[in-house]
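See below for the structure under consideration.
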Amino acid sequence: MTFIPELPDPALESRLLEGLNPQQREAVVHRGEALLIVAGAGSGKTSVLTRRIAHLIETKDAWPSQILAITFTNKAAAEMRERVETLIGQAAEGMWISTFHSACVRILRREAETFGYTKSFTIYDSADSRALIKRIIKDLDADTFGFTVSKVAGRISKAKNELQEVESYSRNANFADPAEAVFVEMFRRYSSELTRANAFDFDDLIAQTVYLFRAFPKVAALYQRRFRHILVDEYQDTNHAQYSLIRELTRAPKPEHLKGAVGFDGMPLKEYDRPLPPASLTVVGDSDQSIYAFRGADIRNIVEFERDFPNSKVILLEQNYRSTQNILSAANSVIANNFDRKDKKLFTTIGDGEKIVGFTGYSQHDEAQFIADEIVELREAGMDYRDVAVFYRTNAQTRALEDVFIRSALPYRVIGGTKFYERAEIKDAMAYLIAVANPADPLALRRIMNVPKRGIGPATEAALQNHADKDGRTLRDALRESDQLGLGPKVTAAIEGLATILDEVGATADTAAPADILAALLERTGFIEALRASRDPQDEARAENVEELLAVTREFRRNNPTGTLLDFLTEVSLVAAADELDDSSGTVSLMTLHTAKGLEFEAVFLTGVEEGLLPHQMSAGEPGGPAEERRLFYVGITRARRRLYLSLAMTRAQFGDVTVAMPSRYLQEIPTELIDWRQSPGMANSRGGTEPRALNARRGGFGAENSLAGSSLGGPGGYAIESGGPGATARARAAARAAERPKTEWTSRVTSTVRDNGDLTLAAGDRIRHVDFGDGKVTAVTGTGPKAVAEVQFETAGRKRLLIKISPIEKLA
DNA sequence: GGGAAGATGGTTTTT
DNA sequence: CCATCTTCCC
């Protein structure tokens, strides 16, 4: 069969450019060494990027395998792949579309043996890193110098992001300062422990790849030759290490480094006698959306792009296709307060839209109640829950929101935050998997040594560790030789039992399905059994969580039929918060402003717009802090398509006591005519100033008392603070929590006091009394059992939906 | 070695 | 306010 090369299909090319404005079009078709697309929020950059990739393939300027596209989250990568697929079909398969971290893992696994690691290296997440650092601090008594785990972790991470290894770091260190000397020692130990454990931390994934390329030009040349077109999204949030990685990849591969090279398919590569041109680089970014300086993101990467890549072209995308003009005007005027930025104004042709809605609650519960009520109204006006998002600055703010949402029977999901994988029992089960996949890792082994209880305590552990250290073997080796330690027969048998299980299950680690490996481990160690047999009522829920993990591993294999245990562990450690977002879920999404980056929703609630929270207290001292906080606010505003709500609370319970909050300075940067204040800070404040009962005051027309049962605002009516037996309430609370523990999704877990009305049943026509809303009449009941929801018409507070089981209500005779 | 009760210290944002 | 660590007793 003869293959006739096709000319670019004009019909198809025009399809790729269809509906694009001239700048977007240019961004798709431009060819050259370097291209910077400055893409304002909502300017259609994803569309431009995907079409650019499709266009490169379509015009035969690139084979799919020559494309490397870097996104910020796995979800964005999956979305991009999908969209390219719908444009050009199967051809999308050979492309690398992934995050920085995933791409680096892929490279490091391929090349691990070149530089002293094995393919089975594991990845330390931040909790693992912290656990290791904690041990080191303790060993060195470094806390006497004021070192905390987070400080040390932060400094090490910062160094790595700037490509400073222990050696180069200590060369510039001031050893006259004892604290600094101790830090260097900690850094040194941390690094060598990681190496010994055959593990990388998050920052290593990038940094080590760069070192690999620099130390082994032949390896680098292979990738430089392969990736002819590199595209990087969210370029404003790249740090120095990531920038350097891109630099290494866009160097021209030298012919001598490619001599005798073998391609990724194992076939010898064609040799060149002339240098190949460097890969072409496309970056997309917006310096107004740079919000990751704290993790080393360097805004200069984008600002100085033109200087870095001399033959570059810059294209500006300013037309916004997402939001109404009112929302954009607010965003523009806020961000204009950041000096040293290139002036850029987003505009749209879709019209002004609704005004921004503002609300000031008396407390964070009041604020949350307002949000819940508004969401109900939006829903009644035809909006889907999944099109609504609630943003906040700190994860701690979810508490009040969850509290109120649960009682209002609003389906919601917290994106990120306390993750499933951070739960102790899940970490334990995962540690078993890691111990099996990477026998060199002592951290995982230590974690499971006595889980479930088998009588191996700190003393035994130390003995094992000593034995291992004596002749430089691993802790795992020591386990196998426990009979040489002269320990009691019971303990020795327990250790041997564990060693046997790990070794025997470990023999299948490369081939067996992750679910089978986990099931075998759980079965043979009696892990779940032990939880079920426990007297602690919470252990039943923990057992269920572990079974949930088992389901996750099965699901993984369904999606990746050839996925190994290592693949599973890699995927788990690299999930980003935003990856959890499920577009089809039909729930309201709650997330931090950071997680919100790159997403969009019909309606956005931006909460806690207060001084001290946004901008956050901690940012005040840092150079560039307030400006970055402003960008964060800007990012939040520009996520909204139609409706934007800005809310704050006058008082906020933090650190156990109530503090008075001031409206954020950023609110004053929005022209007043853009905001429709349902309750302005002034309105709330004047009451607060004159009435001691203000915290529970009736707000205009609604007659709602705002203190929810169990909230921290003192007793009903705001009497003088009277804290009755803190121990007693804490215990009662823990008991209530244990008893309740909803069997629903682990993400929607109840975080504060939950009332339980038992099997209280209501029917239309019943009269009830609610702690906050007063008396009302049930107009309808939907759902059954614990999920029954009553719709209630209150005399003064309006219509509400309440989850009968847990609402603070009583039935009136 | 195990467990429960008190003490302590620490919270921005995340791959 | 919360989680984690320490201490004490079995």
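Naming convention: chains lettered A, B, ... in sequence-line order (proteins, then strands); numbering from 1 in each chain. This structure is a prediction, so every number in the text was calculated from the model and none was measured. What you see below is based on every heavy atom in this structure, not just the backbone, and it leaves out hydrogens, waters and symmetry mates.
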Subject >> Pairwise C1' distance for dT12(B) and dC5(C), with rounding to whole Å >> reply: 24 Å

Subject >> Euclidean distance, atom CD of residue Glu422(A) to atom P of dT4(C) [Å, nearest integer] >> reply: 10 Å

Original post:
Does Thr460(A) make a side-chain N or O approach to OP1 or OP2 of dG1(B) shorter than 4.0 Å?
Top reply: yes

Original post:
NZ of Lys138(A) versus P of dT4(C): gap in Å, rounded?
Top reply: 15 Å

**OP:** Name the nucleic acid region contacted by Thr99(A), choosing base, sugar-phosphate or nothing; use a 4.0 angstrom heavy-atom cut-off, strictly under.
**Re:** nothing

**OP:** Between Glu629(A) and His101(A), name the one whose nearest nucleotide on DNA chain B is closer to the 5' end.
**Re:** Glu629(A)

**OP:** For a side chain to side chain donor-acceptor pair (under 3.5 Å) with Tyr124(A), tell me which candidate from Asp441(A), Asp203(A), Asp201(A), Asp204(A) qualifies.
**Re:** Asp441(A)

Original post:
How about Tyr292(A) and Phe294(A): are their ring centres within less than 6.0 Å of each other?
Top reply: yes

**OP:** Mind checking the CG-CE spacing from Leu231(A) to Met80(A)? Nearest 0.5 Å is all I need.
**Re:** 7.5 Å

**OP:** Quickly work out the Ile137(A) CD1 to dG10(B) C1' distance and round it to whole Å.
**Re:** 14 Å

**OP:** Taking only the side-chain nitrogens and oxygens of Asn239(A), find out if one of them lies under 4.0 Å from OP1 or OP2 of dT15(B).
**Re:** no

Subject >> Integer-rounded Å distance: dT15(B) C1' and Phe202(A) CZ >> reply: 5 Å

Original post:
OP1 or OP2 of dT15(B) less than 4.0 angstrom from a side-chain nitrogen or oxygen of Ser126(A), does that happen here?
Top reply: no

Original post:
Mind checking whether Phe187(A) and Phe183(A) have parallel, tilted or perpendicular rings, split at 30° and 60°?
Top reply: tilted

Subject >> Among dT4(C), dG2(B), dT14(B), the nucleotide that comes nearest once only the side chain of Asn450(A) is considered >> reply: dG2(B)

Original post:
Reckon Thr73(A) touches a base, only the sugar-phosphate, or nothing at all at heavy-atom distances under 4.0 Å?
Top reply: nothing

**OP:** Between dT13(B), dG10(B), dC2(C), spot the one nearest the side chain of Arg393(A), thanks.
**Re:** dT13(B)

Subject >> Closest nucleotide among dT14(B), dT12(B), dT15(B) to the Tyr292(A) side chain >> reply: dT14(B)

Original post:
Expressed in angstrom and rounded to an integer, what is the separation of Lys134(A) atom NZ from dT6(C) atom C1'?
Top reply: 12 Å

Subject >> Among dG2(B), dT14(B), dT12(B), the one nearest Lys453(A) by side-chain distance >> reply: dG2(B)

Original post:
Is the distance from OP1 or OP2 of dT14(B) to the nearest side-chain N or O of Thr595(A) less than 4.0 Å?
Top reply: yes

Subject >> Val491(A) or His616(A), whichever maps to the more 5' nucleotide of DNA chain B >> reply: Val491(A)

Original post:
NA contact type, Phe100(A), heavy-atom cut-off 4.0 Å: base, sugar-phosphate, or nothing?
Top reply: nothing

**OP:** Could you tell me the separation between the NE2 atom of His594(A) and the C1' atom of dT12(B), rounded to a whole number of Å?
**Re:** 7 Å

Original post:
In whole Å, what is the span from the CE atom of Met618(A) to the C1' atom of dT12(B)?
Top reply: 7 Å

Subject >> Atom-to-atom span, CD of Gln617(A) to P of dT12(B) - whole angstrom >> reply: 11 Å

Subject >> Contact summary for Asp128(A) and Ile123(A), nearest pair of heavy atoms >> reply: OD2-O, 4.0 Å

**OP:** First locate atom CZ of Arg532(A), then atom CZ of Arg542(A), and finally report the distance between them rounded to the nearest 0.5 Å.
**Re:** 13.5 Å

**OP:** Could you check which of dT12(B), dC2(C), dT13(B) has an atom nearest any side-chain atom of Arg399(A)?
**Re:** dC2(C)

